[in-house]
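All remarks here apply to the structure that follows.
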Amino acid sequence: MITEQDCLARDAADPLAAQRARFALPDGVIYLDGNSLGARPKAALQRAQEVLVAEWGDGLIRSWNTAGWYDLPIRLGSMLAPLIGAEGDEVAVTDSTSVNLFKVLAAALKMQESQPQRRLIVTERDNFPSDIYMAEGLLGWLERGYQLHLLDTWSDLPALLAGDSGAQVAVVMLTHVNYRTGRMLDMQTTTAQIHAAGALAIWDLAHSAGAVEVDLNGANADFAVGCTYKYLNGGPGAPAFIWVPARHHAQFSQPLTGWWTHRQPFAMQPAYAPAAGIRRALCGTQPVLSLALVECGLAMFGEVSMAALRAKSLALSSLFIELLAQHCARHPLELITPRAHAERGSQVTVMHPHGYAVMQALIARGVIGDYREPDGMRFGFTPLYTSYQDVWQAVMVLKDILDNQAYDVHAERSAVT
Ligand SMILES: *Cc1c(COP(=O)(O)O)cnc(C)c1O
């Protein structure tokens, strides 16, 4: 039996415990949704004020040069790079994950153009819907007869690649940690299988960056994208990242060729010539206010090791799973997150027939997770600011709600669940 005392003892011995004080978390809230919108670093308030008052207000247009606004997407990319196993000049922070996925998918298809028999773009049915929609959107605009192939489960991929259709696959795009189940794929093995079939591998790291250790170059992946507003605490709607390895820079050609991708944007030439490096993955003028705040989240990751974060993340999610078994076993909860550490990201999802209503009841009592169709209650564990006692208290509130059926099955759905 795990007791509350055990949880408090683990907090007392936690080398990351001091990080929590660097976040502005409201009193009375147990925040288990940092996988959807990270908490606010306290430093972001001062940074926002600086950008608004000094850089924008006083610096005006001069700040593009004097405050480093122009280089911000690239500088932030180099801060983010070590978290995903990338080199400093291979990452840019820009645009949204959806838009960046569009760019890398288009670039990957371009690289495969010399092999017209490769018409299949493969992903899984359970991928984040925006990824599927963006692929469909792009393929709809291309003249060649590309086809999107949706795997019923990712585990069908090796057989597809090794079989007759393997030679028809141009690109496989997968999400490393599934948004719904929290299941993590083996990036190294899967990328090797994709390459063995002659296809290119695109990884979506929305639920990986800042949550689990990632080694893109170690896995020899081809392209990657991901969010900064989830585990990286960049702020609501903060710009996403895009990774293009140095070995692909020269061939990287994407269709959103705004002036910020030009070799000399201020030469103002009608003739297009792409920038040499990762700049060609941008598009147009960047949202400086949002970008500037991303730095506050990233700066914290520079001071702690990803290995320590990962170890605590697994300890938190394992504790949650154990406490659910200990206190809620008689309720119809179904764990859909893998128990194996190598297959688990930094969230736990449990299904309940009234998942939406139960989550609303939790939120009303200050335990904030979220809900994903069908029936899934998601709980995200963010080792920078989640404590072991948070996990204990969250399970106690859940137990109380379930034991007393203290939820409203007719709860109205909000726009964002
Ligand atoms: C959160 C998430 C996104 C979000 O994309 P946006 O363009 O930022 O809305 C994309 N892909 C995955 C896998 C996600 O989890």
Side-chain angles (χ1 to χ4, degrees), residues 32-39 73 76 80 83-84 91-106 108 121-138 148 150-151 154 171-185 187 190 201-212 214 216 221 223-243 254 256 281-284 286-287 290-291 293-294 297 336-337 344-349 369-373 376 378-382 415-417:
L32 301 179
D33 211 4
N35 53 325
S36 203
L37 173 63
L76 294 175
L80 199 153
L83 299 178
I84 54 172
V91 184
V93 177
T94 183
D95 297 334
S96 67
T97 301
S98 302
V99 169
N100 289 337
L101 184 73
F102 183 90
K103 297 173 192 168
V104 295
L105 180 56
I121 289 82
V122 179
T123 190
E124 60 172 330
R125 195 174 295 282
D126 196 23
N127 197 350
F128 190 76
S130 194
D131 293 31
I132 297 175
Y133 304 158
M134 291 309 285
E136 281 174 343
L138 172 62
L148 187 64
L150 298 182
L151 299 163
W154 69 273
V171 176
V172 179
M173 48 170 234
L174 292 170
T175 295
H176 182 225
V177 175
N178 184 273
Y179 78 100
R180 200 173 63 81
T181 62
R183 174 232 60 206
M184 181 166 72
L185 296 181
M187 182 183 286
T190 308
I202 295 175
W203 289 97
D204 187 330
L205 304 179
H207 287 272
S208 308
V212 299
V214 177
L216 286 167
F223 300 105
V225 298
C227 299
T228 67
Y229 56 75
K230 293 175 177 167
Y231 291 93
L232 295 174
N233 309 311
F241 64 87
I242 181 167
W243 172 72
Q254 57 102 351
L256 304 180
L282 304 174
C283 180
Q286 302 297 309
S290 304
L291 266 179
L293 302 190
V294 173
I336 60 168
T337 302
R344 191 195 308 161
S346 200
Q347 75 179 54
V348 173
T349 308
D370 64 17
Y371 173 82
R372 288 296 177 267
E373 289 289 350
R378 290 199 307 183
F379 300 91
F381 300 95
T382 44
V416 175
T417 63

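Computed from a predicted model, the values in this text were never measured in an experiment. Both ligands and their constituent atoms are indexed starting at 1 by order of listing.
Atom CD of Q347 sits about 10.5 Å away from atom OH of Y179, to the nearest 0.5 Å. Within the model, atoms CG of L138 and CG of L105 stand 5.0 Å from one another, a figure rounded to the nearest 0.5 Å. Distance check, rounded to the nearest 0.5 Å: CH2 of W243 to CD1 of I84 gives 8.0 Å. For the atom pair CG of N178 and CH2 of W154, the computed distance is 11.5 Å after rounding to the nearest 0.5 Å.
In terms of protein heavy-atom proximity, atom 8 (O) of ligand 1 is nearest to Y229 OH, 2.7 Å. Protein heavy atom nearest atom 7 (O) of ligand 1, with residue, atom name and distance: S98 OG, 2.6 Å. Protein heavy atom closest to atom 2 (C) of ligand 1, with residue, atom name and distance, is K230 NZ, 2.5 Å. Of the protein's heavy atoms, F128 CD2, 3.4 Å lies nearest to atom 10 (C) of ligand 1.
In terms of N/O distances under 3.5 Å, ligand 1 is not approached by Y179. Not one N or O of S130 is nearer than 3.5 Å to an N or O of ligand 1, by distance alone. Looking at ligand 1, you won't find any N or O of N127 less than 3.5 Å from one of its N or O atoms. Between D131 and ligand 1, at least one N/O pair is under 3.5 Å apart.
Less than 4.0 angstrom separates some heavy atom of S96 from each of these atoms of ligand 1: 7 (O). The A206 neighbourhood of ligand 1 comprises atoms 2 (C), 12 (C), 13 (C), 14 (C), 15 (O), with distances under 4.0 Å to a heavy atom of that residue. The contact set between ligand 1 and T175, taken as ligand atoms under 4.0 Å from a residue heavy atom, comprises 13 (C). Remark: ligand 1 atoms within the under-4.0 Å shell around heavy atoms of H207 are 15 (O).
Side-chain contact between H176 and D204: absent, with no pair of heavy atoms (C-beta onward) separated by less than 4.5 Å. Residues S36 and R378 form a side-chain contact, since some pair of their non-hydrogen atoms from C-beta on lies under 4.5 Å apart.
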Test log, rule side chain to side chain donor-acceptor pair (under 3.5 Å), inputs S98 and S130: CA-CA 6 Å; S98 302; S130 194; 2.7 Å; yes
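Counting heavy atoms only, D204 comes closest to atom 12 (C) of ligand 1 of the residues L101, D204, T228.
Using a 4.0 Å cut-off between charged side-chain N and carboxylate O, R183 and D126 make no salt bridge.
The side-chain tip of K230 points at the ring of F128 from less than 6.0 angstrom away and within 45° of straight on.
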